[in-house]
Amino acid sequence: MLDRQLFRTDPDLIRRGCARKGIEAPVDDVIRLDGERRELLATLERQQAEMNRISKTIGQLMAQGKREEAEAAKAHTKDLKEAIAAGEQKLREIDAALRDAELLIPNLPHDSVPDGLDETCNVVLREWGEKPAFAFEPKAHWDLGAALGLLDLPRGAKVAGSGFPCYVGLGARLQRALFQSMIEFQTRERGYTEVYPPYLVNRASMVGTGNFPKFEEDVYRADEDLWLIPTAEVPVTNLYRDEILTAEDLTLNLAAFSGCFRREAGAAGKDTRGLLRVHQFDKVELVKFCKPEDSYDELEKLTADAEAVLKALGLHYRVVAVCAGDMGFKGAKQYDLEVWAPGVGRYLEVSSCSNFEAFQARRANIRFRREQGAKPEFVHILNGSGLACPRLFAAVLETYQREDGSVDVPDFLRPWMGVERIGPGE
RNA sequence: GGAGGGAUGGCAGAGCGGUCGAAUGCGGCGGUCUUGAAAACCGCAGACCCGCAAGGGUCCAGGGGUUCGAAUCCCCUUCCCUCCUCCA
């Protein structure tokens, strides 16, 4: 959500932001409804003040035993009471409509975000490492995984459906080694506090992070008001919904491992081979709550924390500044980390690091006080994957494969794997 | 799933249909005193909305209702606690 004040003072700024993102949003509806609301509110409050005065008078007359005068005063309240009831009804309607419209307004892209409407306009900021050279034709992870008995996609599809991968043997251990090592790294080396959140959340939480109402189709529904999380971002961010933090709490750095569930509605057939796009996956998510003036520095730190894992794994990757139109609904600025997967011959997105500024904080009503007695202000919220496991799993297999079909285990994972190499039949 | 009991300011905890935005205690902040601190004493402090302001309005889990008037009465929902049931 944006500051309502901004719709009054600089609506063109909002229109420009929507245009840069290529999103049609009901900006004019918000402006109109906000105006109607304030006008109605002024009238209504005047009537309520009058009513309060009369009621007080009646109370006093009663106390003095002037019953008849009290009754006479009562008679005068009838019209006023009806007017107030009608006004309250109307206000409820306007509030609901205003809220509905507001929730569909995207966050505005920061000035530093590149222009453009799709990924072709994203800007590569930096690269780390190099594409590994092979003396043979590198295989894709689905072939490696099947040959080494690490990945059983057909049986996963049998028990759940396509897009529900099943990891087996050393494959399961590798998957576990990845998230285990990453959560340990972020909490022990990088100062994040570990959180293990619920996997199902209510609608209010989904609205708080900006997943609802616009992207309801993308998540699985488990019950009347219970939804499977598409990312730990949702429960972790909403941990502090409707709370006021103190300045000393900030910056609050949280790291959470969780399963993630996405319907990927409309994405059928697109980049879906192997582990490229799945309905269920594991991920370590990093979330920061900070003071507004710190959020852009924190975005750089967050990105560096996620990058550190790729460096530790020795995987070639690049950092991309996502353009306004490819960034989506919630972000003000976003960096994607893309790891090189030599088998599929492409860079795979394994992390999106975003600064949401106050967009989520306003929706979820998360504030802080600079000092005792100070007026609460909205925090800035950031998050980023650190990292998403399946694509990382794919990149590890493809990067460290050898000509004989075995895969070396990178040093970073050896303490958890207990082996230095994954070979056929192991 | 069944039966009860609860939800009030940072915390604890009063609250009788009007004098309750709410006693009191603790905690917090500012003083007095003190070389400094503690103790004692005095004082100040909730959130939100509209408004340049003056001021006004709303908020006692959330939502409806009764009433001229609701923290107080009625209904619904959510959450917490106790007991039973079930269960990794």
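Every chain is numbered from 1, with letters handed out A, B, ... down the list of sequences.
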Sticking with atom [atom1], work out how far [N] lies from [M], rounded to a whole angstrom.
{"N": "B:C42", "M": "B:G55", "atom1": "C1'", "value": "31 Å"}
{"N": "B:U72", "M": "B:G17", "atom1": "C1'", "value": "7 Å"}
{"N": "B:A7", "M": "B:A61", "atom1": "C1'", "value": "6 Å"}
{"N": "B:C48", "M": "B:A39", "atom1": "P", "value": "32 Å"}
{"N": "B:A22", "M": "B:G46", "atom1": "C1'", "value": "11 Å"}
{"N": "B:U32", "M": "B:G21", "atom1": "P", "value": "35 Å"}
{"N": "B:C73", "M": "B:C16", "atom1": "C1'", "value": "13 Å"}
{"N": "B:G64", "M": "B:G15", "atom1": "P", "value": "28 Å"}

Please tabulate, one pair per line, all N/O donor-acceptor pairs under 3.5 Å involving side-chain atoms of residues 91-107 of chain A, not counting sequence neighbours.
from	atom 1	to	atom 2	distance (Å)
A:Arg92	NH2	A:Gln89	OE1	3.2
A:Glu93	OE2	A:Gln89	NE2	3.1
A:Asp95	OD1	A:Arg37	NE	2.7
A:Glu102	OE1	A:Arg4	NH2	3.0
A:Glu102	OE2	A:Arg4	NE	2.9
A:Asn107	ND2	A:Lys330	O	2.9
A:Asn107	ND2	A:Phe356	O	3.1

So [X], base contact, sugar-phosphate only, or nothing? Heavy-atom distance under 4.0 Å.
{"X": "A:Leu41", "answer": "sugar-phosphate"}
{"X": "A:Arg8", "answer": "sugar-phosphate"}
{"X": "A:Arg369", "answer": "sugar-phosphate"}
{"X": "A:Ala49", "answer": "sugar-phosphate"}
{"X": "A:Arg367", "answer": "sugar-phosphate"}

### Query
Heavy atom of residues 77-88 of chain A under 4.0 Å from RNA chain B: which residues?
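Nucleic-acid contacts, sorted: A:Thr77, A:Lys81.
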
### Message
Taking A:Glu36 first and then A:Lys90, would you say they form a salt bridge - that is, a charged N and a carboxylate O separated by under 4.0 Å?
### Response
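No, A:Glu36 and A:Lys90 are not salt-bridged.
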
### Message
Looking only at the side chains, is there a donor atom on one of A:Asp249 and A:Tyr240 sitting less than 3.5 Å from an acceptor on the other?
### Response
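Distance-only check fails for A:Asp249 and A:Tyr240.
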
### Task
Decide whether A:Asn202 and A:Asp225 meet the rule of one side-chain donor and one side-chain acceptor closer than 3.5 Å.
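Judged by distance alone, the side chains do not pair up.
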
### Query
So do the side chains of A:Glu264 and A:Thr272 get within less than 4.5 Å of each other, counting heavy atoms only?
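They are not in contact (no side-chain heavy atoms under 4.5 Å apart), so the answer is no.
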
Taking pairing as Watson-Crick or G-U wobble with both contacts under 3.5 Å, can you name the mate of [N], or confirm there isn't one?
{"N": "B:A88", "result": "none"}
{"N": "B:U35", "result": "none"}
{"N": "B:A7", "result": "B:U78"}
{"N": "B:C44", "result": "B:G28"}
{"N": "B:U66", "result": "none"}

### Partner set under side chain to side chain contact (heavy atoms under 4.5 Å, CB included) for A:Ser352, not counting sequence neighbours
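Partners of A:Ser352 under the side chain to side chain contact (heavy atoms under 4.5 Å, CB included) test: A:Gln334, A:Asp336, A:Glu349.
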
### Task
Can you tell me which residue pairs pass the side chain to side chain donor-acceptor pair (under 3.5 Å) test with a partner in residues 287-298 of chain A, sequence neighbours excluded?
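Non-adjacent pairs meeting side chain to side chain donor-acceptor pair (under 3.5 Å): A:Thr251-A:Glu298, A:Asn253-A:Lys288, A:Lys288-A:Glu298, A:Glu293-A:Arg370, A:Ser295-A:Asn355, A:Ser295-A:His380, A:Tyr296-A:Glu357.
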
### Upstream residue (5' side of RNA chain B) when A:Ile58 and A:Ala42 are each assigned their closest nucleotide
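It is A:Ala42, whose closest nucleotide lies nearer the 5' terminus.
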
### Query
For RNA chain B, whose closest nucleotide is more 5', that of A:Lys74 or that of A:Asp34?
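It is A:Asp34, whose closest nucleotide lies nearer the 5' terminus.
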
### Query
Hey, would you say the A:Phe393 and A:Phe281 ring centroids sit under 6.0 Å apart?
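Aromatic pair excluded; centres sit 6.0 Å or further apart.
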
### Task
Step through it carefully: locate the ring centre of A:Phe261, locate the ring centre of A:Tyr220, and say whether they are under 6.0 Å apart.
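A:Phe261 vs A:Tyr220: aromatic centres not under 6.0 Å.
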
### Task
Extract, from 5' to 3' on RNA chain B, the first and final nucleotides lying under 4.0 angstrom from some heavy atom of chain A.
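Using the under 4.0 Å cut-off, the span is B:G18 to B:G69.
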
### Task
Please name all residues satisfying salt bridge (charged side-chain N to carboxylate O under 4.0 Å, His left out) with A:Glu217, sequence neighbours left out, ordered by chain then number.
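Listed in chain order: A:Arg263.
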
